[in-house]
Engineer: 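Shown below is the structure under consideration.
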Amino acid sequence: MVALIVRLLAVYLFVVGVAVPVQFLLTQFYDPTLAGAGATVWMILDPLMVVAMVVVLLVAIARKRQLGSGSEDQTITRDYLETNVILYYSVALLIALLSNWFGFQFVDPANDNPLVWILIDVTVPLLTVSTAIRMWRRTL
């Protein structure tokens, strides 16, 4: 049962990780000013991205705990470095995502930062897809 939930979450992360860059690129063609349908799609995708980033963060925390429960060896390995970069970058990215999302969705006039959206929309897919692949492989 746990393996099924992990796989469903992996599929969710993968779908969000594909949808975000597709929307990010296609918006330039059908609604570059975000005055119409583009803004509506982002209003749907943004909370999905928040949920995806929370899942990424929880997986990263679990991975960090698992890594820390091993040997007392203090050497910096690839796994140690990868785990810590993903964990701390996920925390920073989630904070930036929440701040920009609140400024876009809930504040009038909107005070979100377009440059931060570019950072978010480019890196969320990297984290979600890589985490999805890692989760999928662990359940095989």
Engineer: Give, for atom CD1 of Ile61 and atom NZ of Lys64, the distance between the pair rounded to the nearest 0.5 Å.
Structural biologist: 11.0 Å
Engineer: Between Trp42 and Asp31, is any pair of side-chain heavy atoms under 4.5 Å apart?
Structural biologist: no
Engineer: When hydrophobic residues are tied together by side-chain contacts of less than 4.5 Å, even through go-betweens, does Phe106 share a cluster with Leu48?
Structural biologist: yes
Engineer: I'd like to know whether Thr128 forms a side-chain hydrogen bond (donor to acceptor under 3.5 Å, both in side chains) with Tyr12, so could you lay out the CA-CA distance, the side-chain angles of the two residues, the decisive distance to 0.1 Å, and finally the verdict.
Structural biologist: CA-CA 9 Å; Thr128 56; Tyr12 174 78; over 6 Å; no
Engineer: Shared ILVMFWY cluster between Leu126 and Leu94, side chains joined below 4.5 angstrom?
Structural biologist: no
Engineer: As a quick check of understanding, evaluate side chain to side chain contact (heavy atoms under 4.5 Å, CB included) for Ile118 and Leu115, giving each step before the final call.
Structural biologist: CA-CA 5 Å; Ile118 291 171; Leu115 293 176; 4.2 Å; yes
Engineer: Ignoring hydrogens, what is the shortest heavy-atom contact between Leu45 and Val20? Give both atom names and the distance.
Structural biologist: CD1-CA, 4.4 Å
Engineer: If hydrophobic clusters are built by linking Ile, Leu, Val, Met, Phe, Trp and Tyr wherever their side-chain heavy atoms come under 4.5 Å apart, do Val107 and Ile120 end up in the same one?
Structural biologist: no
Engineer: What distance do Met43 atom CE and Gln105 atom CD have between them, rounded to the nearest 0.5 Å?
Structural biologist: 5.0 Å
Engineer: Taking C-beta and beyond as the side chain, do Asn100 and Asn113 meet within less than 4.5 Å on heavy atoms?
Structural biologist: yes
Engineer: To the nearest 0.5 Å, what is the distance between CG on Leu97 and CH2 on Trp117?
Structural biologist: 5.5 Å
Engineer: Yes or no on side chain to side chain contact (heavy atoms under 4.5 Å, CB included) for Phe24 and Thr27, after CA distance, side-chain angles and deciding distance?
Structural biologist: CA-CA 6 Å; Phe24 180 67; Thr27 301; over 6 Å; no
Engineer: Determine the minimum heavy-atom distance between Gly17 and Val129, stating which atoms define it.
Structural biologist: CA-CG2, 3.8 Å
Engineer: Among Leu127, Val56, Val18, which residue meets the side chain to side chain contact (heavy atoms under 4.5 Å, CB included) test with Leu13?
Structural biologist: Val56
Engineer: Taking C-beta and beyond as the side chain, do Met49 and Trp101 meet within less than 4.5 Å on heavy atoms?
Structural biologist: no
Engineer: Mind checking the CZ-CD1 spacing from Arg138 to Ile133? Nearest 0.5 Å is all I need.
Structural biologist: 14.0 Å
Engineer: Measure the CD-CG distance between Glu82 and Asp79 for me, rounded to the nearest 0.5 Å.
Structural biologist: 6.0 Å
Engineer: Under 3.5 Å, is there a donor-acceptor pair between the Thr75 and Tyr80 side chains?
Structural biologist: no
